[in-house]
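Everything on this sheet refers to the single structure shown next.
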Amino acid sequence: MDFVAIVTPNHVHYEPTILALRAGFDVVLDKPMCLSLQEARELSKIVHETGRIFCLTHTYTGYPMVKQARQMIARNDLGSIRKVYVEYPQGWLSYPDVNSKQAQWRLDPKRSGPAGCLGDIGVHAFNLVEYITGLQVTHVCADLRTVIPGRQLDDDASVLLRFNNGTNGVLMASQICTGEENNLKIRVYGEQGSIQWQHSDCNTLEVRWFDSPTEIYRTGTQYLSQSAMHNTRIPAGHPEGYIEAFANIYRNFARTIRAKMNGEKNPSEQLEDFPGVKEGVRGMAFIETCVANSKNEKEKWTELKE
């Protein structure tokens, strides 16, 4: 056995991961990394001490059109980033009596951690913003709400963001948006152009320019970036989505392990393109900072510290 995959509820992330790392296994772990920032910091320390390879399954970073958007922004195609909007609406928790195992542990602070909706899907939106833009969130102003009476954790979150380049953004995550399914959507506005990607049409990237017609990029075509093509599996026009995005993350992780086994000191950028321990620590920092800020009526902005 070459690695361990841990796909349990949040409260069963930390200890199994440490045991696997110390036993000499590389690890794939579901997000968020653990129950607290302190646990995340300790886990990060152990990853570095053991030298094992660690992967965190932020699934949406595995989509070809997300890779394309990231590459275009990294090339400065859009110019300096001015504004970012990311939204993640779901409706499956929009009524009180949701009788499923998935809902039960997600709404239990002992098993889910300090946040509900924010820790479940808001952290995905946060990760996607930082991955695509290459920017880092430095401060948050959060409003976490529990809309359905009786719940112990938030089921709706609105967060204002400040970034390390001076720009700002808006993050919305909600699981009480009646009728919504799972349409994670991001818009990034630069001084020369903008991009839009959404999960419900995940094989399309829309690029808009100040003085040129709108461009539509499609998965499987030959004009895409090297990173997007590396993570494309089937010909253009064939649906490619959630399972393939997961597979891309696992594939890149597994090939990085193989490269290490073969003594390759510098694996390609495409192979090492998967979320890791750094993203895990930042995700937990985001969750805890938002929770603290939302409870603090005297402080508008709270600095995000890893």
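Leu19 forms part of no hydrophobic cluster, judged by ILVMFWY side-chain heavy-atom separations under 4.5 Å. Hydrophobic cluster membership for Tyr95: Trp92, Leu93, Val98, Leu107 (Ile, Leu, Val, Met, Phe, Trp, Tyr linked by side-chain heavy atoms under 4.5 Å, directly or transitively). Cluster partners of Ile216, using a side-chain heavy-atom cutoff of under 4.5 Å among ILVMFWY residues and allowing indirect links: none. Through direct or relayed side-chain contacts under 4.5 Å between Ile, Leu, Val, Met, Phe, Trp and Tyr, Ile148 connects to Val147, Ile176.
With ring centers used as reference points, Tyr63 lies under 6.0 Å from His199.
Side chain of Glu288 to main chain of Ala285: no donor-acceptor pair is present (N/O by atom type, distance under 3.5 Å, no hydrogens or angles). Thr57 contributes no side-chain N or O that, together with a main-chain N or O of Thr59, makes up a donor-acceptor pair within less than 3.5 Å. In terms of modelled atom types and a separation under 3.5 Å, the side chain of Asp26 and the main chain of Phe54 share no donor-acceptor contact.
The shortest non-hydrogen separation linking Ile287 to Gly119 is CD1-CA, 3.7 Å. Contact record, Ser112 with Asn10: O-ND2, 2.8 Å, taken as the closest heavy-atom pair.
Identified under the ring-ring contact (aromatic ring centres under 6.0 Å, His included) test for residues 108-127, with sequence neighbours left out: His58-His124, Tyr60-His124, Phe126-Phe286.
For Tyr189, there are no ring pair (Phe, Tyr, Trp, His ring centres under 6.0 Å) partners two or more places apart in sequence or in a different chain. With sequence neighbours left out, the ring pair (Phe, Tyr, Trp, His ring centres under 6.0 Å) criterion links Tyr242 to Phe246. Contacts of Asp143 classified as side-chain hydrogen bond (donor to acceptor under 3.5 Å, both in side chains), with partners at least two apart in sequence or in another chain: none. In terms of the side-chain hydrogen bond (donor to acceptor under 3.5 Å, both in side chains) criterion, Arg255 has no residue partners (sequence neighbours excluded). Partners of Glu279 under the salt bridge (Lys or Arg N to Asp or Glu O under 4.0 Å) rule, at least two apart in sequence or in another chain, do not exist in this structure. Residues forming a side-chain hydrogen bond (donor to acceptor under 3.5 Å, both in side chains) with Glu306 (at least two apart in sequence, or on another chain): Arg282. Scanning for side-chain hydrogen bond (donor to acceptor under 3.5 Å, both in side chains) contacts around Asn203 gives Thr219, with sequence neighbours left out.
The environment of CZ in Phe3 is crowded: more than 12 heavy-atom neighbours from other residues, nucleotides or ligands sit within 6.0 Å. Summarising the local packing, CD of Glu297 is surrounded by 12 or fewer heavy atoms from other residues, nucleotides or ligands at distances under 6.0 Å.
The pair Glu39-Arg41 fails the salt-bridge criterion, with no side-chain N (NZ, NE, NH1 or NH2) lying under 4.0 Å from an Asp/Glu carboxylate O. Between Arg106 and Asp155 there is no salt bridge, since no side-chain nitrogen of the basic residue lies less than 4.0 Å from a carboxylate oxygen of the acidic one.
Tyr85 and Phe163 fall into different hydrophobic clusters, defined by Ile, Leu, Val, Met, Phe, Trp and Tyr side-chain heavy atoms under 4.5 Å apart, directly or through other members.
Leu43 pairs in a side-chain contact (heavy atoms from CB on, under 4.5 Å) with only one of the listed residues (Glu15, Met33, His48), which is Met33.
For Arg75 and Gln71, the side-chain atoms include no donor-acceptor pair closer than 3.5 Å.
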